[in-house]
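Written below as structure tokens is the structure these notes are about.
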There are 4 protein chains.
Amino acid sequence: MDRTRLEAFSDGVFAVAITLLALNLTVAGPGLQHQLYEHRWSFAAYLISFFVIGIIWVNHHVLIKSIAVVDRTLLFLNLVLLLFVVLIPFSTATVAQYLPVPNGDVKVAMALHSGDVKVAMALYSAVFLGMSAGFGLIFEWTLHGNHRTVPLPPKAHWPARLRFVGGSGVYVVAFVVSLFNAIAAFILIAVVAVYYIVERTPTSSAAAPDSPDDAEAV
Amino acid sequence: MDRTRLEAFSDGVFAVAITLLALNLTVAGPGLQHQLYEHRWSFAAYLISFFVIGIIWVNHHVLIKSIAVVDRTLLFLNLVLLLFVVLIPFSTATVAQYLPVPNGDVKVAMALHSGDVKVAMALYSAVFLGMSAGFGLIFEWTLHGNHRTVPLPPKAHWPARLRFVGGSGVYVVAFVVSLFNAIAAFILIAVVAVYYIVERTPTSSAAAPDSPDDAEAV
Amino acid sequence: MDRTRLEAFSDGVFAVAITLLALNLTVAGPGLQHQLYEHRWSFAAYLISFFVIGIIWVNHHVLIKSIAVVDRTLLFLNLVLLLFVVLIPFSTATVAQYLPVPNGDVKVAMALHSGDVKVAMALYSAVFLGMSAGFGLIFEWTLHGNHRTVPLPPKAHWPARLRFVGGSGVYVVAFVVSLFNAIAAFILIAVVAVYYIVERTPTSSAAAPDSPDDAEAV
Amino acid sequence: MDRTRLEAFSDGVFAVAITLLALNLTVAGPGLQHQLYEHRWSFAAYLISFFVIGIIWVNHHVLIKSIAVVDRTLLFLNLVLLLFVVLIPFSTATVAQYLPVPNGDVKVAMALHSGDVKVAMALYSAVFLGMSAGFGLIFEWTLHGNHRTVPLPPKAHWPARLRFVGGSGVYVVAFVVSLFNAIAAFILIAVVAVYYIVERTPTSSAAAPDSPDDAEAV
């Protein structure tokens with residue numbers, strides 16, 4: 001079984017999920033300029049989710065390229081990853097719905113600490129955590145049974161895993177933080193996305209395409 | 001005519017259908033935590049439909065790989081399969097809409113035996129049955145006229161068909177059960193999905209990729 | 001410029017359009033069984049549109065395979081075809097919205113002859129006509145300037161064109177009929193779709209894959 | 001890292017975005033013919049956005065073909081382009097929502113100069129500008145570091161850039177114009193789209209497929 005359809009199906013799901021994100025952006029009624037301003041958290045959530053899906057797509061791209069064999073186990077592990085990718089438009093829409101409060105900055109600040117916003121942000125973090133864990137499962141699978149075209153030496157397994165736990169760890173932290181302060185968790189997730197795009201890109205593009213350095217989770 | 005575009009189009013439909021599933025997950029109004037709890041049946045229906053589409057995609061993958069010739073008959077049989085795949089977001093949304101009852105566990109239990117829930121679950125089972133039957137038609141087509149790259153010996157036809165009837169049979173049973181008890185039919189469909197993922201995966205991944213054992217309906 | 005991305009993009013649009021069809025199928029409120037019955041015209045419209053898109057996809061598949069050169073003109077003619085394909089979920093939803101009348105058979109019969117239903121059905125026919133004309137434009141383009149890998153002899157041009165005018169002609173007739181009787185136009189479109197699937201398939205699958213016989217419009 | 005998945009993912013996003021455009025076309029209530037007339041601006045906006053996405057897809061097609069190396073930087077620059085492509089259905093729906101005014105031509109004319117319409121059209125122009133700038137970033141990237149299979153001579157860099165600034169410049173002008181007269185900005189964007197399709201197509205199809213002339217922004 002070759003990689004072509006696994007990639008085609010996954011790319012399709014990534015492409016649809018990333019495009020559906022913007023489907024939840026809707027404004028209505030008079031005062032468009034004011035409304036766009038009030039939806040600023042929706043746009044921020046859209047932006048972050050867009051790049052998180054983009055980053056995981058790039059990493060998925062690199063990881064699947066390093067794989068020698070496609071079996072049913074991989075196909076179903078991939079489904080677990082996609083299960084959470086598909087939930088991102090839902091969690092983003094939920095965050096966008098509970099973050100904006102239309103009546104002034106004071107109420108916004110209050111709302112950002114109220115119960116519903118925290119639950120929405122916990123859901124947002126949990127879906128990213130699920131996606132990251134699904135990606136970690138695929139990576140773990142590649143470490144065993146000659147699944148990689150170029151096997152990773154055993155002593156490199158733990159460093160590689162730690163990098164993945166580090167990636168997923170951010171979302172665990174964001175989940176816990178969201179229970180206390182939603183906006184702090186939101187900023188944490190945004191900062192990590194920016195870090196992955198700006199900071200890791202030059203290093204990774206210099207590395208070999210199927211080196212473990214390139215295949216890191218978000 | 002080659003398999004490439006048949007696979008590309010089918011993968012596109014599978015990918016869009018599986019992603020649209022989550023489009024029906026929406027929460028609104030105050031009390032997000034409580035609302036997420038009340039939508040638990042929606043999430044369960046989403047989860048089951050996601051993996052049923054995932055399983056049929058994997059099986060479709062394997063079955064199309066075994067095919068030597070792509071003709072118009074196959075293209076239209078494939079359309080019959082996709083016709084029902086495309087209906088899954090609709091049937092899932094319908095089940096999700098009629099299953100949750102917001103006012104306490106007693107009413108949930110009652111609702112699960114009321115008329116509308118049974119009709120919704122019958123529809124849910126019927127769409128899966130149509131999908132399974134569409135897949136069975138493609139499989140039947142592969143058995144005849146040198147359509148497989150490696151022909152299946154005639155004595156293996158009936159065992160292979162029985163496995164397919166077995167697959168479709170589960171949905172016939174679920175359809176009948178749904179007329180009496182919706183939740184029992186729901187659990188039956190969920191159990192079969194779990195069985196296909198957990199139980200069949202190791203066996204199947206050990207088998208040859210285009211052996212009939214691998215190409216089983218759901 | 002190769003055919004790969006033309007096919008990939010077109011397949012993507014076909015796949016999304018065919019899947020979005022079912023997005024307009026929604027039921028709500030008590031009395032699910034009765035509601036499903038009242039939406040029977042929606043389901044019929046869904047079914048017809050699904051197979052019309054399916055048929056045009058199969059024909060597109062065959063036609064693009066016969067092409068030797070992909071230039072900008074072809075890319076934009078292809079966009080004209082896709083412009084109307086993308087409108088099919090809209091025209092189908094409009095027909096489905098204006099066809100069903102919930103209060104008894106007499107009113108249904110009356111509604112089927114009222115003004116709005118006729119306009120909806122004229123729109124439905126017009127979108128299919130636009131799609132068919134877009135396909136005809138691509139076919140016309142293939143006849144000139146060494147665009148086919150196997151050129152069609154000039155004496156075969158008019159018979160081939162007539163077949164295409166015949167295909168588009170059905171939608172012209174359906175458009176005119178819809179102004180007098182919506183249901184008659186609906187049945188005409190349905191019958192032609194069934195004819196293309198059932199009647200043409202065996203003949204076409206026997207013919208050479210890139211013969212002009214195979215590449216007929218709907 | 002090869003171009004295949006970059007193209008597949010991008011084609012998927014383009015295909016979904018172009019198909020979702022029509023999802024915002026909805027009519028309801030009695031008087032369908034009148035309603036379709038009142039939605040004429042929605043249909044115009046749909047038409048323009050469809051062809052703008054189509055043009056950028058064709059240009060993306062040509063530009064990616066000229067690339068020798070796919071690295072992480074390109075993948076993220078491509079994400080910036082797609083970020084704005086995905087926003088086009090949203091900006092189109094916003095324009096379509098604020099342009100039509102149902103109560104006679106005088107009010108339409110007035111509405112077209114009112115504040116909300118200008119903001120909607122400024123948003124519409126800004127999203128196209130972002131898309132065009134994203135495309136320009138990819139083009140700029142191709143000019144450096146042996147990224148093209150056939151390098152562009154340095155003296156050709158500025159003419160090529162000017163053509164891109166020219167493309168993006170139209171949207172800057174449209175943005176400024178929209179602050180004074182929404183309909184004028186709308187017509188400007190439409191005229192440029194028609195120009196790119198009708199005027200540039202013959203020239204470009206005569207040129208070599210990976211010449212810089214072919215890869216121009218919109």
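The structure presented is a predicted model; accordingly, all values stated were derived computationally and were not measured. Throughout, a chain's letter reflects where its sequence line sits, starting with A, and its residues are numbered from 1. Note: hydrogens, waters and symmetry copies are ignored here, and every other heavy atom, side chains too, is used.
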Residues D:Q97, A:T26; criterion side-chain contact (heavy atoms from CB on, under 4.5 Å); working and verdict: CA-CA 10 Å; D:Q97 199 183 345; A:T26 44; over 6 Å; no

Derivation and outcome, side-chain contact (heavy atoms from CB on, under 4.5 Å), residues A:Y46 and D:L83: CA-CA 10 Å; A:Y46 161 72; D:L83 176 73; 3.7 Å; yes

Audit row: A:L23, D:L20, side-chain contact (heavy atoms from CB on, under 4.5 Å) steps and yes/no: CA-CA 8 Å; A:L23 204 68; D:L20 287 182; 4.1 Å; yes

Derivation and outcome, side-chain contact (heavy atoms from CB on, under 4.5 Å), residues D:T94 and A:L32: CA-CA 9 Å; D:T94 303; A:L32 178 54; 3.9 Å; yes

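Counting only distance, with no hydrogens or angles, the side chain of A:D11 and the backbone of D:A8 share no donor-acceptor pair below 3.5 Å.
Sparse packing is recorded around CD of A:Q33, with 12 or fewer heavy atoms of other residues, nucleotides or ligands lying under 6.0 Å away.
D:L87 CG to A:F43 CZ: the interatomic distance, rounded to the nearest 0.5 Å, is 8.0 Å. With rounding to the nearest 0.5 Å, the separation of CD1 in A:I55 from CG in D:L79 is 8.5 Å. Here D:F9 contributes atom CZ and A:S10 contributes atom OG; the two are 11.5 Å apart, rounded to the nearest 0.5 Å.
Listed by chain and number, the residues in a side-chain hydrogen bond (donor to acceptor under 3.5 Å, both in side chains) with A:S49 are A:T92, A:Y124 (sequence neighbours excluded).
The side-chain heavy atoms of D:V86 and A:L21, taken from C-beta on, include no pair separated by under 4.5 Å.
Side chains of A:H61 and D:R72: a donor-acceptor N/O pair is absent below 3.5 angstrom, by distance only.
A:A15 and D:G12 make their closest contact through CB-C, 3.7 Å (heavy atoms, listed as atom of the first residue, atom of the second, distance). The two residues A:V58 and D:F76 make their nearest non-hydrogen contact at CG2-CZ, 4.1 Å. Contact detail for D:L6 and A:W57: the closest heavy-atom pair is CA-CH2, 4.0 Å.
For A:F14, the parts lying under 4.5 angstrom from a heavy atom of chain D are both the backbone and the side chain. Neither the backbone nor the side chain of D:A93 has a heavy atom closer than 4.5 Å to any heavy atom of chain A. Heavy atoms closer than 4.5 Å to chain D are found in the side chain of A:L36, but not in its backbone.
Chosen from D:N78, D:L123, D:V119, the residue pairing most often with chain A at heavy-atom distances under 4.5 Å is D:V119.
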